[in-house]
Undergrad: 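Please find one structure pasted underneath; my questions will follow.
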Amino acid sequence: MPIPKEFLRLDKIRAICIIKNLKTDEIYLYKTEDAVKSYKDERFKLDLGMHPSKKLQEAYTALGLELFTIEIEREANENEDLASLLEERKKYYLDKGYSLYN
């Protein structure tokens with residue numbers, strides 16, 4: 001999984017990020033105050049088998065990193081509430097028929 005260019009920026013990016021399983025189209029959404037740092041943290045946890053989402057971790061371990069992407073799903077401005085935005089984006093994907101990792 002090459003590092004997406006948005007995660008090479010030097011500034012902090014408030015965002016909703018998405019981890020996609022390219023085989024099953026299941027997704028994991030999370031909020032972050034610093035997308036660049038959280039990208040590294042998410043990869044580290046997945047690579048070491050320590051991700052808090054057991055279902056995501058099981059799929060990642062079984063399939064390997066080549067079948068997953070981590071991207072910024074939506075940047076947020078400083079006035080937006082990330083928790084509310086996360087719930088809004090989860091609802092959007094559920095309404096579109098996606099399965100979400102918990």
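Just so you know, residue 1 is the first one in the sequence shown, and it goes up from there.
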Undergrad: Applying ring-ring contact (aromatic ring centres under 6.0 Å, His included), name anything that partners Y98, two or more places apart in sequence or on another chain.
TA: Y93

Undergrad: Just jot down the side chain to side chain donor-acceptor pair (under 3.5 Å) partners of K91, sequence neighbours excluded, or say none.
TA: D95

Undergrad: Check salt bridge (Lys or Arg N to Asp or Glu O under 4.0 Å) between E33 and all other residues, then give those that pass, not counting sequence neighbours.
TA: R14

Undergrad: Answer yes if I19 and L100 sit in the same cluster of Ile, Leu, Val, Met, Phe, Trp and Tyr residues linked by side chain heavy atoms under 4.5 Å apart, and no otherwise.
TA: no

Undergrad: Rounded to the nearest 0.5 Å, how far apart are CD of E75 and CG of L85?
TA: 11.5 Å

Undergrad: Could you tell me the separation between the CG atom of L29 and the CZ atom of R74, rounded to the nearest 0.5 Å?
TA: 12.5 Å

Undergrad: In chain order, what residues pass the side-chain contact (heavy atoms from CB on, under 4.5 Å) check against N77, with sequence neighbours excluded?
TA: N79, E80

Undergrad: Could you tell me which residues satisfy side chain to side chain donor-acceptor pair (under 3.5 Å) with S53, sequence neighbours excluded, listed by chain and number?
TA: none

Undergrad: Is it possible for you to say whether I27 and L82 belong to one hydrophobic cluster, with membership spreading through side-chain heavy-atom contacts below 4.5 Å?
TA: yes

Undergrad: So, taking the atom named OG in S84 and the one named CZ in R89, what distance separates them when rounded to the nearest 0.5 Å?
TA: 13.5 Å

Undergrad: Taking transitive links into account, so neighbours of neighbours count too, which hydrophobic residues share a cluster with F44 at under 4.5 Å side-chain distance?
TA: L48, M50

Undergrad: Run the side-chain contact (heavy atoms from CB on, under 4.5 Å) test on I13 and Y39 for me, step by step, so that the C-alpha distance in whole Å, both residues' side-chain angles and the decisive distance to 0.1 Å come before the verdict.
TA: CA-CA 11 Å; I13 307 165; Y39 172 85; over 6 Å; no

Undergrad: Quick one: list whatever passes side chain to side chain donor-acceptor pair (under 3.5 Å) with D34, sequence neighbours left out.
TA: none

Undergrad: Taking the side chain as everything from C-beta on, heavy atoms only, tell me whether L56 gets closer than 4.5 Å to L46.
TA: yes

Undergrad: Using the test salt bridge (Lys or Arg N to Asp or Glu O under 4.0 Å), find all partners of K96 that sit at least two apart in sequence or belong to another chain.
TA: none

Undergrad: For a quick test of reading the model, state the closest non-hydrogen atom pair linking K45 to P52 and the distance between them.
TA: CD-CD, 4.1 Å

Undergrad: Treat each ILVMFWY residue as a node, draw an edge where side-chain heavy atoms are under 4.5 Å apart, and state whether I18 and I16 are in one component.
TA: yes

Undergrad: Test of understanding: with side chain to side chain donor-acceptor pair (under 3.5 Å), list the residues that count as partners of D47, not counting sequence neighbours.
TA: R43, Y60

Undergrad: Please name all residues satisfying side-chain contact (heavy atoms from CB on, under 4.5 Å) with T24, sequence neighbours left out, ordered by chain then number.
TA: N21, E26, Y101

Undergrad: Holding to salt bridge (Lys or Arg N to Asp or Glu O under 4.0 Å), I want the full list of residues that pass it with K31, two or more places apart in sequence or in another chain.
TA: none

Undergrad: Tell me every residue that passes salt bridge (Lys or Arg N to Asp or Glu O under 4.0 Å) with E58, counting only those two or more places apart in sequence or in another chain.
TA: none

Undergrad: Hey, are the side chains of T32 and D41 touching, using non-hydrogen atoms and a 4.5 Å cut-off?
TA: no

Undergrad: Let me check something: do Y28 and L65 share a hydrophobic cluster, defined by ILVMFWY side-chain heavy atoms less than 4.5 Å apart, either directly or through other members?
TA: yes

